[in-house]
Structure formats: C-alpha cells, structure tokens
Number of protein chains: 2
Amino acid sequence: MSSPAVSSRDLPHPARDEIRLEGVLHALSDPMRLRIVRELAGARGELSCSDFELPVTKSTTTHHFRVLRESGVIRQVYRGTAKMNGLRRDELDELFPGLMGALLDAAARQAVRWRD
Amino acid sequence: MSSPAVSSRDLPHPARDEIRLEGVLHALSDPMRLRIVRELAGARGELSCSDFELPVTKSTTTHHFRVLRESGVIRQVYRGTAKMNGLRRDELDELFPGLMGALLDAAARQAVRWRD
DNA sequence: GCCGTACTACGATGCCTATCGTACGAGTCG
DNA sequence: CGACTCGTACGATAGGCATCGTAGTACGGC
C-alpha cells in the first residue's frame, strides 16, 4: 500500500557489523556452499535458488542458502515466487578488505588443481 | 643413530598440495583455533602448546592443535617433551596467495571491533 | 477460483565435533 | 632410579549439522 514492497515476506539478515568472521568461514567450509558462492560471484546480478544445479535435494539446498544468509555471506529477497540471491560483496569488503577476493581466488585455484 | 633426529616421534602432516581450502576454513571457523593461529602468526618463531593460555582443558587443546595440523594450517614437531607449533605460512602462501594475510587481517579487524 | 511452480517447515537419521576427565607414555632434571 | 612436566589416548557426553522425505504455504497465471 505504501512501502516500496518488492515483495511481502522478508528474511532476517545480520547487519553488516554483526557479521562474524568465524561464521563466514564456517559457511564457506562446506563444499556445497563454497560452490554456491563461487557461482554467485561469477554471475553478475542475482540468481534464484533454482538456477543452481546441486547434487542434493531441495530441502538441503534451502538449508545451505539459509546458512549463507544467516552468516552474512549472501542477501536473499523474494521476487514473486522466486527467491533471489546475491553476494554481500560490498559490505564484506568494507568489513574484511580483501578477504572475499582472496577466498574466491583460492577457491578458483583449487578448482583448477583438483578439477572440481 | 643416523638421521638428523631432532626428535624421535613424528606426526602426520598433509603435503602442501593436499591441503584443501574447505579444511583450512573449517579449521579456522572455530574461535579457539582462530585464536591459536592469530597468536602463532604474531609470534616469530615457534610456540609450544603450553605457551597458549586457553580457557579449555589440555585434552581439548590437544584436539584443536591436531585439527590445525591435519588441515595443513600448522606444522608440529616434538622438541624434547615440548611440541612446537609453527604456521605453514610459506606453503599456504604458495597454494593460496594472499589468503592467510587477508584472514589474519580480517581476524585482527574483528578483534578490534569486538574487543576480543 | 484453480493449478502449477518455488520454496519452506518439520521430523528423522546418522555422523561429526567440542568438551571433559582420567589414565598413560615420553623426556628431562636431580 | 625417581619425580615431574608435557602432551596423548580413550571413553563419555551433549550438541550441531548435512542430508532426506513429505507435507504445506506463497505467489503468479489462466
């Protein structure tokens, strides 16, 4: 009625200053989640949950996206029936300069070395 | 009798090229272990396990050091009755350039912001 | 108003792990 | 040798978590 309201439901995110390094590292220490983040970083713009083809069920996918959101790594917003995901790259760069870059680079190097 | 033998017992370490990013991140996602690594990075040279004053029992301390060693973050070697610990900084820098620097910097920033 | 799609909620399961306490092994020093 | 220190091993415990399946909710289009 009044608010910008791209959608109605919104999801709890930690504020930038509440993001904990340990939480970020824990989130990224799971292969499935690291893969999601790599894909998200590679894509420009947002991706819906179903744009990912992960070798796990949908419930599990939902779980991983929630962990990423609650740790502050990604931002999720509903757009119609789809849930769009985006890396919180700018905020993370303010909080931990160079960290995401180094992490993504490390993941890319490992992917080359292990072909995964 | 013949070998350089700084000590007798030696401990299993992953080779540099076997170190997995996920393992490193998992190791560092525990507050106690992150603390150990920060202290180790700050000290020049090696530190024995008992140089750390951690709010956990000795068994638990042993456990954390083992996780760090097995993930490839630290190198441990016996020197008499003491077990000396050192960051595998050079190898990690070869494998994941800039990663440890960014991680240590991020941890330091967080420590300032949260006084921990 | 109904249907299909996208995602969630909840419960179950099995594994991993952080922690502790106690008992033990390896070295060093007297 | 004997005592002491440093660290390990092992078992127990409690909580966390990655995974699944099924049932359900929200939204958009017809």
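Residue numbers begin at 1 in each chain, while the letters A, B, ... track the order of the sequences.
- In this structure, A:Leu11 places its CG atom 18 Å from P of C:dA6, rounding to the nearest Å.
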Practice task
Report the C-alpha separation of A:Val73 and A:Arg69 in whole Å, then their side-chain angles, then the decisive distance to 0.1 Å, and conclude whether the side chain to side chain contact (heavy atoms under 4.5 Å, CB included) test is met.
Solution key: CA-CA 6 Å; A:Val73 176; A:Arg69 170 170 49 82; over 6 Å; no
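- Going from atom CZ of B:Arg79 over to atom P of C:dT28 covers 12 Å, rounded to whole Å.
- Nearest nucleotide to the side chain of A:Val56, out of D:dT19, C:dT19, D:dA18: D:dT19.
- Geometric assessment of A:Arg109 against the ring of A:Trp114 yields a negative cation-pi assignment under the 6.0 Å and 45° thresholds.
- Taking atom CG of residue A:Asp10 and atom P of nucleotide D:dC27, one finds them 11 Å apart after rounding to whole Å.
- In this structure, the nucleotide among C:dA18, D:dG7, C:dC7 sitting nearest to the side chain of B:Asp30 is C:dA18.
- When the nucleotides C:dC20, C:dA18, D:dG7 are ranked by their closest atom to the side chain of B:Ala82, D:dG7 comes out on top.
- The phosphate of D:dG28 has neither OP1 nor OP2 within less than 4.0 Å of any side-chain N or O from A:Thr81.
- Taken to the nearest 0.5 Å, the CZ atom of A:Phe52 stands 6.0 Å off from the CG atom of A:Asn85.
- Of the charged side-chain nitrogens involved, at least one lies within less than 4.0 Å of a carboxylate oxygen, so that B:Glu46 and B:Arg79 count as a salt-bridged pair.
- Distance check, rounded to the nearest 0.5 Å: CZ of B:Arg20 to NE2 of B:His26 gives 14.5 Å.
- Rounded to an integer number of Å, the gap from CZ of A:Phe65 to P of D:dC17 is 18 Å.
- Look at CE on A:Met32: it is 14 Å from C1' on D:dC17, rounded to the nearest Å.
- Residue A:Thr60 places its side chain closer to D:dC20 than to any other of C:dC20, D:dC17, D:dC20.
- Within the nucleic acid shown, B:Ser50 comes within 4.0 Å of sugar-phosphate atoms alone, with no base atom in reach, counting heavy atoms only.
- On a pure distance criterion of 3.5 Å, a polar donor-acceptor pair joins the side chain of A:Ser59 and the base of D:dG21.
- Across all strands shown, B:Thr61 has no heavy atoms under 4.0 Å from either base or sugar-phosphate atoms.
- Nucleotide C:dC16 holds its P atom 13 Å from the NE2 atom of B:His63, rounded to whole Å.
- Looking at the side chain of B:Arg66, the nearest of the listed nucleotides D:dG7, C:dC20, D:dA9 is D:dA9.
- D:dG7 atom C1' lies 12 Å from atom CZ of B:Arg69, rounded to whole Å.
- Dashed line: the shortest gap from a side-chain N or O of B:His64 to OP1 or OP2 of C:dT19 is under 4.0 Å.
- Here D:dC6 is the nucleotide among C:dA6, C:dC7, D:dC6 with the atom lying nearest to any side-chain atom of B:Lys58.
- Going from atom CD of A:Glu70 over to atom P of D:dC17 covers 10 Å, rounded to whole Å.
- Residue B:Arg33 places at least one side-chain N or O under 4.0 Å from the OP1 or OP2 atom of C:dA18.
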